[in-house]
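Residues take their numbers from the sequence shown, with the count starting at 1. The shown structure was predicted, so the numbers you read here are calculated from the model rather than taken from an experiment.
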Amino acid sequence: GMVLCDVQRVDPQHRPTDVLRRRDAIPHDGDVLIPLLRMPSLVPASILMRRSVFDAVGGFDEDLRTAEDIDFHLRVAAHAGIGVIEEPLVLAMRGHEGLSSYS
């Protein structure tokens, strides 16, 4: 239903810092709800999913003040299998002033 890829983190000057490796949190493909409950290492920009899965679970819950991405991914994991592409195909900036800078 959905695939996630590794994420290359970069600093504000776009220099690589580290890689978020999905296998560290998701040890296998398929039913991964339990591993995601233990460590929800999710980056919405790094997903690709079937439209039918999106239609079945709905989008982000706009009533949530925070963790709407975690809620969304957990609903997907409860509905469909998730796979991991063990390659960084997305860049994500660290060290900026957004909400994710406080993790």
Is there side-chain contact between [X] and [Y], with heavy atoms separated by less than 4.5 Å?
X: Val10; Y: Thr17; answer: no
X: Pro27; Y: Pro35; answer: yes
X: Phe72; Y: Leu64; answer: no
X: Pro40; Y: Ile70; answer: yes
X: Leu36; Y: Ile82; answer: yes
X: Leu20; Y: Arg9; answer: yes
X: Leu74; Y: Leu33; answer: yes
X: His14; Y: Met93; answer: yes

* To do: Using atom types as modelled and distance alone, determine if a side-chain donor or acceptor of Arg21 lies under 3.5 Å from a backbone N or O of Glu87.
  =>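 Side chain of Arg21 to backbone of Glu87, a donor-acceptor pair under 3.5 Å: no, none is there.
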* To do: May I ask you to decide if Asp69's main-chain N or O and His73's side chain share a donor-acceptor pair within less than 3.5 Å?
  =>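 Pair found, side chain donor or acceptor close to backbone of Asp69.
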* **hydrophobic_cluster_shared for Val76 and Phe60, side chain cutoff 4.5 Å** =>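 Looking at the clustering, Val76 is in the same group as Phe60.
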* Asked: Same cluster for Val3 and Val32 if Ile/Leu/Val/Met/Phe/Trp/Tyr side chains link at under 4.5 Å?
  ->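 Shared cluster, no.
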* Quick one: pull up CE in Met49 and NE2 in His79 and give me the separation to the nearest 0.5 Å. =>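 Here the interatomic distance stands at 8.5 Å.
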Minimum heavy-atom distance between [X] and [Y], given as atom pair plus value:
X: Gln8; Y: Pro16; answer: NE2-CB, 3.4 Å
X: Met39; Y: Ala25; answer: SD-CB, 3.5 Å
X: Gly59; Y: Phe54; answer: CA-CE1, 3.6 Å

* **Atom CD of Glu62 with >12 non-hydrogen neighbours under 6.0 angstrom** =>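 Atom CD in Glu62 is not packed in, count stays at 12 or less.
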* salt bridge (charged side-chain N to carboxylate O under 4.0 Å, His left out) partners of Arg23, counting only residues at least two apart ->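 Salt bridge (charged side-chain N to carboxylate O under 4.0 Å, His left out) check on Arg23 returns Asp29, Glu86.
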* Does the side chain to side chain contact (heavy atoms under 4.5 Å, CB included) test come out yes or no for Cys5 and Val90, once each step is laid out? -> CA-CA 8 Å; Cys5 67; Val90 171; 3.7 Å; yes
* Could Asp6 and Arg22 be called an ion pair, given the rule that one side-chain N must be under 4.0 Å from one carboxylate O? ->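 Not counted as a salt bridge, because no side-chain N and carboxylate O are separated by less than 4.0 Å.
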* To do: Show the numbers, then the answer: is there a side chain to side chain contact (heavy atoms under 4.5 Å, CB included) between Ile85 and Leu4?
  => CA-CA 6 Å; Ile85 298 171; Leu4 309 164; over 6 Å; no
